[in-house]
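The model shown is predicted, which means the values in this text are computed figures rather than measured ones. We count ligands from 1, going down the list as the structure has it; atoms in each ligand are counted the same way.
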Amino acid sequence: MSNKTLAIIKPDAVGNGFTGKIIDRIIEAGFKVQAARLIHLSREKAEGFYAVHKERPFYNDLVDFMTSGPCMPMALEKEDAVNSFRSLIGATNPADAEAGTIRKDFAENIQNNAVHGSDSDKNAQKEIAYFYTSNEILDY
Ligand code: ADP
Ligand code: MG
């Protein structure tokens, strides 16, 4: 079991002014933020990040959305980080997300769903490396 995951506060949540509230939920839930930075994704960078969804009907709209404004990728650490973070954010569609989850409280819809969370330890490692070099991940 790994203890790291990649989170992204997506452009809807940044634009709606929820960055601070979401970071607070993350820290309150026991995660340590080891890297964070506000960036505006290029089309190429967003396409690469979601390459696994290339054949899905929502792919182009998803890339449009992820490049529509700044977002904040974060490397998070906690025991069983991937599963713990997926529980904290709730279901992909906020309409199906449990009460008290980040998506339930801050997402707009199934696409503009406030946050990303890695879905496996392997992908967490890959996704963290997609945004941060190892010396940008701060252990404390
Ligand atoms: P999750 O982010 O919960 O792991 P997926 O990996 O299945 O969900 O999808 C990646 C992202 O693509 C979602 O977070 C959401 O922004 C978008 N998405 C997923 N399914 C749909 C859909 N049916 N319609 C529009 N956008 C979607
Ligand atoms: Mg996913």
Side-chain angles (χ1 to χ4, degrees):
M1 183 203 307
S2 156
N3 56 2
K4 288 189 198 291
T5 193
L6 182 88
I8 305 178
I9 304 179
K10 293 185 178 182
D12 61 316
V14 173
N16 287 329
F18 296 143
T19 306
K21 288 190 167 76
I22 291 173
I23 293 174
D24 199 42
R25 294 271 184 107
I26 290 170
I27 292 170
E28 283 290 312
F31 290 88
K32 198 168 277 184
V33 179
Q34 296 192 320
R37 156 194 316 134
L38 196 62
I39 58 171
H40 196 137
L41 292 180
S42 66
R43 194 149 194 102
E44 189 187 12
K45 190 90 176 168
E47 284 173 351
F49 184 73
Y50 281 119
V52 58
H53 293 307
K54 198 148 62 183
E55 305 308 326
R56 308 283 283 277
F58 57 80
Y59 178 70
N60 275 320
D61 288 343
L62 176 60
V63 171
D64 285 345
F65 161 59
M66 289 301 291
T67 57
S68 66
C71 67
M72 185 176 282
M74 300 190 287
L76 303 180
E77 186 194 57
K78 188 190 175 185
E79 195 183 324
D80 197 16
V82 165
N83 295 318
S84 179
F85 192 68
R86 299 280 308 190
S87 303
L88 181 68
I89 68 180
T92 306
N93 187 347
D96 301 331
E98 278 183 46
T101 59
I102 290 176
R103 280 170 168 166
K104 186 65 165 189
D105 293 343
F106 300 114
E108 293 178 344
N109 54 53
I110 191 169
Q111 176 188 267
N112 303 5
N113 61 0
V115 280
H116 168 82
S118 306
D119 64 5
S120 68
D121 289 349
K122 190 163 158 265
N123 284 336
Q125 195 180 21
K126 230 170 82 175
E127 291 176 359
I128 289 170
Y130 195 71
F131 291 104
Y132 295 105
T133 60
S134 55
N135 62 3
E136 290 175 317
I137 316 245
L138 307 183
D139 216 350
Y140 61 98

Quiz item: Between Lys10 and Phe65, is NZ or CZ placed under 6.0 angstrom from the six-membered ring centre and within 45° of the ring axis?
Solution: no
Quiz prompt | Residue list, salt bridge (charged side-chain N to carboxylate O under 4.0 Å, His left out) with Glu136, at least two apart or on another chain | solution = Arg37
Exercise. Apply side-chain hydrogen bond (donor to acceptor under 3.5 Å, both in side chains) to Glu108 and Asn16, showing your working.
Key: CA-CA 10 Å; Glu108 293 178 344; Asn16 287 329; 2.9 Å; yes
Practice problem: Please collect all side-chain hydrogen bond (donor to acceptor under 3.5 Å, both in side chains) contacts where either partner lies in residues 55-76, sequence neighbours excluded, each pair once. | Solution: Arg43-Asp64, His53-Arg56
Practice problem: Below 4.0 Å from any atom of ligand 1, which residues have a heavy atom? Give them in chain and number order, please. | Solution: Lys10, Tyr50, His53, Phe58, Leu62, Arg86, Thr92, Arg103, Ile110, Gln111, Asn113
Quiz item: Quick one: ring pair (Phe, Tyr, Trp, His ring centres under 6.0 Å) pairs with a partner in residues 83-106, sequence neighbours left out?
Solution: Phe18-Phe106, Phe31-Phe85
Quiz item: Would you call Asp105 and Arg25 a salt bridge, using N to O less than 4.0 angstrom?
Solution: yes
